[in-house]
Amino acid sequence: MIKCENLQKRVPMAGTELEILKGITLEIKSGESVAIIGASGSGKSTLLGLLAGLDEATAGSVAINGTDIGALDEDDRARFRGQHIGFVFQSFQLLPALTALENVMLPLELQGQNSVEEQARHYLQRVGLAARTGHYPLQLSGGEQQRVALARAFASKPAILFADEPTGNLDTTTGEHIIDLLFELNREEGTTLVLVTHDQALAERCQRRLRLDGGALVGE
Amino acid sequence: MTATKMLARDWRGGELGVLVMALVLAVGVVSGISAFTTRLQNALEQESHRFLAADLVVTGGRELPADWLLAAERSGLQQALTLQFPSMVYAGDDAMALASVKAVSDAYPLRGEMTYSQAPFGTVLAADTGPGRGEVWLDSRLFALLDVAVGDEVTIGEASFIAVAAARTEPDQGSSFYGYGPRVVMHYSDIPATGVVQPGSRVEYRQLYAGETAAVASFREWLDPRLQEGQRAVTVEEGQPGIGSALDRAESFLLLAGSLAVVLAGVAVALAARRFSERHHDYVAIIKSLGATSGAVNRLYGSSLLLLGAIATLLGCLVGWGIQALFFSLFAEQLPVQPGPSGIRPYAIGAVTSLTCLFCFAWPPLRRLGHASPLRVLRRDLPMENRRAFFDYVLGLLAVTLLMWWYSQDWKLTLAVLAGLGLTVGLGFCLALTLLRGGRLVGMSAGSIWRLALAGLQRRGNANALQVVIFAMAIMMLLVLLLVRTSLIDEWQAQLPEDAPNHFMINIGPENVQAIEQLLRVEDITSEPFYPMIRGRIMSVKGEELPSTDDVQEGRRQREINFTWSDTLPNENRLLAGEWWAPGSDEPLVSLEEEFAERMGLEVGDEVGFLVGSQPLEARVASIRQLQWQSMRPNFFLVFPPRLLADFPATFMTSFHLDEADKGFLNRFIRSFPTVTVIEMDVVVEQIRTIIYQVSAAINLVLVVILAAGGLVLVAGVQASVDARVHESAILRALGAQRRLILGGLLIEFATLGLFAGLLATMAAEVSVFILQTLVMEMDYSPTPWLWPVGVFSGALVIGALGVFSCLRVVSTPPVRVLREL
Ligand SMILES: Nc1ncnc2c1ncn2[C@@H]1O[C@H](COP(=O)(O)OP(=O)(O)O)[C@@H](O)[C@H]1O
Ligand SMILES: [Mg+2]
């Protein structure tokens, strides 16, 4: 499903280069759930961004379902993301000007689907927010915002879901609820899950764990 | 997702407001000023037509053909007749006075109004028509001179009239120099009864016409070839060159103001769009991570912008209409005439400005959104790339230039403003970057407020340089406008100061000169020197006899002129060529007025022949002078050395200033010196001053509007950087910094920016004003030293205050709220 080889990321910095990822090679199978763990600053987010096609690698390749996303231009990658990939972020990343319902409808509309409202309502109900569809993000608590984000991520039926520290901004209890919901939906939809976290307990719930240290994989 | 849907959603988010406001403002200010100036010019033109009491006047010494009136009637023009002549007026048994009689038809005046009062020197009232048949209005002074009261009978020639009121003013009083002596106004149809107007009398017939500009122009075309010897057609531009040039300069000024409004509007839109785009950066990153392509993002923002532009243009035109309506309602009392319609052009200009602003200022930053990286969803601090910034600036500059040129139709004016702008931008970036860099060294050793402020300046080096340039641009334009306004108004006022001479005295016999000088001194009346006046005839030029024709169209002909003599160059005269003679010279020399010399084809060194009385006089042109015709001082075409004319009989003339309240002096004077003629020009001088006063008021008004627009740009510029500063300050507050530290730091930061901006602005303003005054307005340029401290310190003060004021919410909201919002 996801295959990456010798993935490197370097950024120019004050005359020299900062090496963030030092050649990562890994493979993730369809339907698998994988946790990427490591200390803060070890390069987890950078790796996730590359795997999800949000960023371009300095060297190496990423292929998803046989498509080399490094070879696509940004617009093609955008279309690819819209079709195959869903996101959940640490800081929720809901659009503040849109209601919960409109936030969930957005990726469906971007895919060019019609009559998306039913579908969006269905997923909001699924995350337990049927009564809050007309509310704006600022009127929702952090946990509720993250549930909207989950509904948004699953509504477009992505093949792969990337989550970057989805509980990072939440308290423990709320975080656990979100995780339960995430794994429940994941099981129902049969999505491949790539999850970045430094929470050991959360990582334990994944089928496989990859540990990053200083930009290199140091084992499972 | 459609654009309308996004706009609706964004509107709720409140971020579109700023951009729409800027656009509405741009369109509103530009169309408002343009409509205002169009209507004002229109009104001033009408006002100036009052000087003729008509749009077109035909004058002649003999009765003018009646079929001209019929032709004018067919063209739909209004018409009136006047006749002016000097005549004795009698009352009672032995009282009499020489008066200047003006007979007017019922329709007179076609423009402006006559005034009268029910008693001599009484309350001034406006009248639609002059006196009826059998009635006259007498100058207030005449009541005393003739010893009559209102209701008494006076006689002119063979007819008797009842004096029903005191004549005060007529709109076209100043357009004729026949107006010696106190005025009598009578009805036109009473002329035959008096029997005083005979062929050969010294009279002036006038036909007055008024109507639509086009109709007047075509009638004029029809008329011109039919004009005979001694007949003349005059419009206000020809009749009052002084006012004409004042209006021209006022127009240049208003165009300049409008052009600056265009530039300021453009800058405001660019700033707002930049801010809008920065605030949408996250938004775009999110929808791109969800699969939106850059094409989709561009389409989204492009169509939103178009929709927004359409709405803002409509609103802006409404605002523009409101602005000009407000001005006219505020200043209705100062405008003596109803302003005409403005037409559609101002709003078309507004719409084009809006389109240009949208395309050249708003679109570039929004287009950049399409290239925003979706990676920002993971890394908030990722800056927006701006590789085409240089191209965008060039595009903006080009747009501003074209817009300004289109608006003013004056490339010199455009160039002047552009030079200032270019200087600001160029120097601005260099200066700002260098100085801001240099600040770090100083700041490190300073106290914590300073360290905070200087660190802030440093960290946003590029953004700050841009901000300095924008502030400087706005300040520069305001300074330019202020300077041009001040020198314009100063110059006008210098031309006609409060105590400018407003009466002439001619025909003073040499034996009376000393007595009159003495009398004026006793009465504490300041006068110009007494100039001798000799009447002579110019006979030959460069040895060539001139034709003896009376055709006024012929420039080179024998003609009667007044000369004077003087050992020194008369006041307010300027030598253009040649040299002034040594005092006491008896060489046969003459000094000529510039235009006279040109008409006669004379240059320094040429020979001219005259006939004075019956004696020939040959002289060589020694110099050529320029006169100030508006100065109301005695002016002469020809000046000779005194000894050359010593043997010829001369009379003297002078001019002096008399206040309205002291007019009684004239009665006493005329009794003591009955042979002297006094020409009263006070009404004319007052009229000219009124016009200039109105133009000045209009100019001040426009200045205020532009100031407001400039202020808005400053606010937009400050706002643009508030977001970042609010966030930083919230962090500082969370860390325990006190209000004083934060506000102090902000004050220093903004005041420093303002200081640099003021410095730049002042430099650029001087350059701009130099070009404007020398190239466009044809005025004398002199540097303005007071500008420097004013520009620099007001820059620091205003921007410092604005900055702190805009950031007040930093210290008034709890830091958590600010931090959570971001
Ligand atoms: N575009 C970039 N420019 C400079 N430094 C970067 C950039 N992207 C990542 N980094 C640096 O690379 C390191 C890894 O970042 P990140 O992948 O966000 O770590 P993690 O998510 O594991 O905390 C950090 O030290 C970060 O500052
Ligand atoms: Mg991270």
Side-chain angles (χ1 to χ4, degrees), chain A residues 9 11 20 44-50 52-56 72-99 102-112 116 136-138 142 149 152-153 155-156 158 162 164-165 169 196, chain B residues 1-19 276 279-301 304 368-385 723 816-822:
Chain A
K9 181 71 182 177
V11 291
I20 305 173
K44 306 184 294 292
S45 296
T46 308
L47 177 59
L48 183 100
L50 288 173
L54 290 172
D55 196 7
E56 283 175 24
L72 302 177
D73 66 12
E74 168 45 34
D75 277 351
D76 288 331
R77 279 206 303 273
R79 261 177 248 149
F80 188 86
R81 284 195 300 270
Q83 293 303 325
H84 304 288
I85 293 173
F87 289 102
V88 179
F89 303 106
Q90 176 175 3
S91 49
F92 323 137
Q93 303 286 24
L94 299 178
L95 297 178
L98 306 191
T99 61
E102 287 166 342
N103 262 293
V104 179
M105 284 159 61
L106 187 63
L108 302 173
E109 287 172 331
L110 285 171
Q111 283 181 349
V116 295
Y136 289 95
L138 279 175
R152 180 177 69 182
S156 58
F162 288 98
D164 189 9
E165 316 227 19
N169 281 4
V196 161
Chain B
M1 189 167 46
T2 65
T4 26
K5 225 161 145 189
M6 184 191 94
L7 274 185
R9 289 169 179 179
D10 259 351
W11 189 258
R12 279 181 268 144
E15 283 167 10
L16 278 178
V18 189
L19 187 58
F276 177 81
R279 295 195 138 201
H280 271 240
H281 197 170
D282 289 336
Y283 183 108
V284 170
I286 296 173
I287 63 172
K288 282 186 99 175
S289 78
L290 295 177
T293 61
S294 51
V297 172
N298 281 344
R299 269 194 303 283
L300 191 66
Y301 284 99
S304 311
R368 248 174 270 144
L369 276 176
H371 304 290
S373 164
L375 194 61
R376 207 174 138 87
V377 290
L378 292 175
R379 296 186 53 84
R380 292 287 313 255
D381 56 331
L382 215 60
M384 200 169 342
E385 278 193 46
D723 292 347
V816 256
R817 278 258 300 278
V818 180
L819 289 176
R820 255 184 66 179
E821 270 172 30
L822 292 162

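We name chains A, B, ... by the order of the sequence lines, and we start the count at 1 in each one.
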Cut-off 4.5 Å, heavy atoms of chain A, and the answer for A296(B) is neither

Honestly, the part of I286(B) sitting under 4.5 Å from a heavy atom of chain A is side chain

Q: Please tell me if the side chains of L290(B) and R81(A) come closer than 4.5 Å, counting only heavy atoms from C-beta onward.
A: no

Smallest heavy-atom separation, A292(B) atom then A78(A) atom, equals O-CB, 3.3 Å

S45(A) meets the side-chain hydrogen bond (donor to acceptor under 3.5 Å, both in side chains) criterion, sequence neighbours left out, with D164(A)

By residue number, those in residues 82-89 of chain A with heavy atoms under 4.5 Å from heavy atoms of chain B are G82(A), F87(A), F89(A)

**OP:** Answer yes or no: is there a side-chain heavy-atom contact under 4.5 Å between E74(A) and K288(B)?
**Re:** yes

Closest non-hydrogen atoms of L54(A) and S289(B), given as atom of the first, atom of the second and distance, are CD2-CB, 3.8 Å

Turns out that what part of R77(A) lies under 4.5 Å from chain B's heavy atoms comes down to neither

In L50(A), T46(A), D55(A), the residue satisfying side chain to side chain contact (heavy atoms under 4.5 Å, CB included) with L375(B) is D55(A)

S294(B) backbone acceptor or donor facing D75(A) side chain under 3.5 Å = yes

Rounded to the nearest 0.5 Å, the CD atom of E165(A) sits from the CG atom of L378(B) at a distance of 10.5 Å

